[in-house]
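Written below as structure tokens is the structure these notes are about.
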Amino acid sequence: MRRLALSTPARRLALAAAAALVLGACGGDGDDPSPTATPAGPAPTPAFSSTEVPRGDFVAAAGSTIKIGVSVSLSGATAAMGQDIRDAVTLAVEDHDGSIAGLTVEADAQDDGCNDPKKPSDVAQRFGQDKAVIAVVGPMCNDGEFAAGLVYNFLSIIHVSPSATRPLPGQRRVETFFRTAWRDDAQGIQQSRYAYERLGARKAFVVDDAEEYGQAIAYNFALEFIGQGGEVAGHAQAPAGATDLKPVVDAVLASAPDVVAFEGFAAGGAALLKALRDAGYSGAFIGPDGLFDVAKFVEAAGPAAEGAVVVAAAPLPADFVERFTERFGRAPSTPFVAHAYDATQALLAAIESAAQVADDGSVTVGRAKLREALLATDLDGLSGALRFDQIGDRVGATASELGLAFYEVRDGAFELVEDGD
């Protein structure tokens, strides 16, 4: 493999991102889905005795009801996403006729508090105590997965997160973990390819918000851009809430890049883009799904937002939106609905494949066989082609294979770039 020669700014970016991945295990703030303090060591002891832990194969009596647990936020600021995910799971179960091997299937949603340091593990233990729960969609948030993943692993309960995008969970080798969501580092790669191939950029300046989310994306943008033959002319940080952006703006103008890649959230991206345009920067601007917010990014940046490119969840098919709206009385409004639907479909197909029906009608699903069946998933899903690698991460070389799409701000709105791949 060709060794990449990084410029001094790119080397600093690589070191900063590496430090972020280490520090990310020690803390995070409320706006960043990075994990709170949770050791990546042995699984915590459940609140119930080991004799009650359902570690063996899943067994259900003939004609009984089994459950797909749904670990999502159902209260507070993140409730809308949790409700959308819950309802997407419900719709997927209903589309599967609500049954597997003669057993009735239902969704059981529990409030995991998103980034709450305790609730996701409590929900995992609750599912572990319920012998009808065969697998789980969730946890919804990165902190939740980081806290509860080891509990699910200890309980041998397969869980598929539709929305945890932090790179680390799969790398911890939690054997029960899968995700249909993209990884944050994959966003950086896709942005870089778009910038190089579609925007024709050959010189980039990379800015991150000094948080784990932004740094992981920035690092991978830089590596991929250099790998394609581009130059990373500089790197700077613009922490959220920073009031003096002049040093960053001056550094950008001095390097005269073809594209500025800002990796962070909407408010910071809007502030930087407005400052850049006010100072005379006329080049391209690209960013991650953290910018996909009309009020906080497009409206906040005003005319400066025109032409900005953002990668975010692909739009839902119109017929699915119509069915969802008819079923639940409201349209889906959050990013990971397709990924939740596909997580459920993949689980149901894997359960059906692994199920063994005895003469008395009872059904046994070997947990190892269930994992093998999920690893063999090859689904033309609502969010795109769905396959998993050996650590449970979604496989995808293009944006569409990850359930992502590119949008450009035009006339004050996000407009889909049809040929984003």
Side-chain angles (χ1 to χ4, degrees), residues 1-18 20 184-210 213-239 242 245-264 268-291 297 301 304-311 398-399 404 406-410 417 419-421:
M1 182 172 65
R2 182 166 65 92
R3 190 178 296 274
L4 301 179
L6 275 66
S7 65
T8 298
R11 283 199 298 272
R12 286 200 297 267
L13 175 57
L15 290 172
D184 288 331
D185 47 359
Q187 284 200 63
I189 293 170
Q190 296 304 322
Q191 283 180 45
S192 177
R193 291 175 182 172
Y194 188 95
Y196 193 89
E197 297 168 8
R198 293 293 311 282
L199 300 179
R202 294 297 179 267
K203 183 189 288 189
F205 194 100
V206 182
V207 182
D208 67 67
D209 64 353
Y213 165 81
Q215 288 190 342
I217 302 174
Y219 172 64
N220 284 276
F221 178 97
L223 282 187
E224 183 68 17
F225 198 76
I226 294 167
Q228 292 177 103
E231 175 190 354
V232 176
H235 165 246
Q237 291 187 322
L245 294 173
K246 188 176 186 302
V248 178
V249 171
D250 288 347
V252 171
L253 295 179
S255 67
D258 303 316
V259 63
V260 170
F262 173 79
E263 312 301 358
L272 177 64
L273 181 52
K274 191 172 186 306
L276 286 170
R277 296 300 189 216
D278 288 346
Y281 172 71
S282 60
F285 186 93
I286 196 168
D289 66 329
L291 303 186
F297 180 66
E306 288 296 304
V309 175
V310 172
V311 62
T398 66
L404 286 165
F406 285 92
Y407 301 82
E408 184 176 325
V409 179
R410 297 172 184 167
V417 179
D419 53 349
D421 285 343

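Side chains included, hydrogens not; waters and symmetry mates left out as well; all remaining heavy atoms used.
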How about [X] and [Y]: do any of their side-chain heavy atoms sit closer than 4.5 Å?
{"X": "Leu253", "Y": "Tyr281", "result": "yes"}
{"X": "Asn220", "Y": "Ser192", "result": "no"}
{"X": "Val409", "Y": "Tyr407", "result": "no"}
{"X": "Val232", "Y": "Phe221", "result": "no"}
{"X": "Tyr219", "Y": "Asp185", "result": "no"}
{"X": "Val309", "Y": "Tyr194", "result": "yes"}
{"X": "Ile217", "Y": "Pro288", "result": "yes"}

Where do [X] and [Y] come nearest, in terms of heavy atoms and distance?
{"X": "Ala275", "Y": "Leu245", "value": "CB-CD1, 4.2 Å"}
{"X": "Ala284", "Y": "Leu199", "value": "CB-CD1, 3.9 Å"}
{"X": "Gly269", "Y": "Leu291", "value": "CA-CD2, 4.0 Å"}
{"X": "Leu273", "Y": "Ala308", "value": "CD2-CB, 4.1 Å"}
{"X": "Gly214", "Y": "Asp209", "value": "CA-OD1, 3.7 Å"}

Give a yes or no on whether a salt bridge exists between Glu306 and Arg410, defined as a side-chain N under 4.0 angstrom from a carboxylate O. no

Partner of Glu263 by side chain to side chain donor-acceptor pair (under 3.5 Å), out of Gln187, Gln191, Gln215, Gln237: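 Exactly one pass, corresponding to Gln191.
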
Pick out which of Asp208, Asp289, Asp184 makes a side chain to side chain donor-acceptor pair (under 3.5 Å) with Tyr213. Asp289

Applying side chain to side chain donor-acceptor pair (under 3.5 Å) as the test, list every pair that has at least one member in residues 247-261; sequence neighbours left out. Lys246-Asp250

Test ring pair (Phe, Tyr, Trp, His ring centres under 6.0 Å) applied to Phe285 - qualifying residues, sequence neighbours left out: none

cation_pi(Arg202, Tyr196) dist<6.0 Å, angle<=45: yes

Please report the interatomic distance CZ(Phe262) to CZ(Phe205), rounded to the nearest 0.5 Å. 12.5 Å

With Arg277, which residues qualify under salt bridge (charged side-chain N to carboxylate O under 4.0 Å, His left out), at least two apart? none

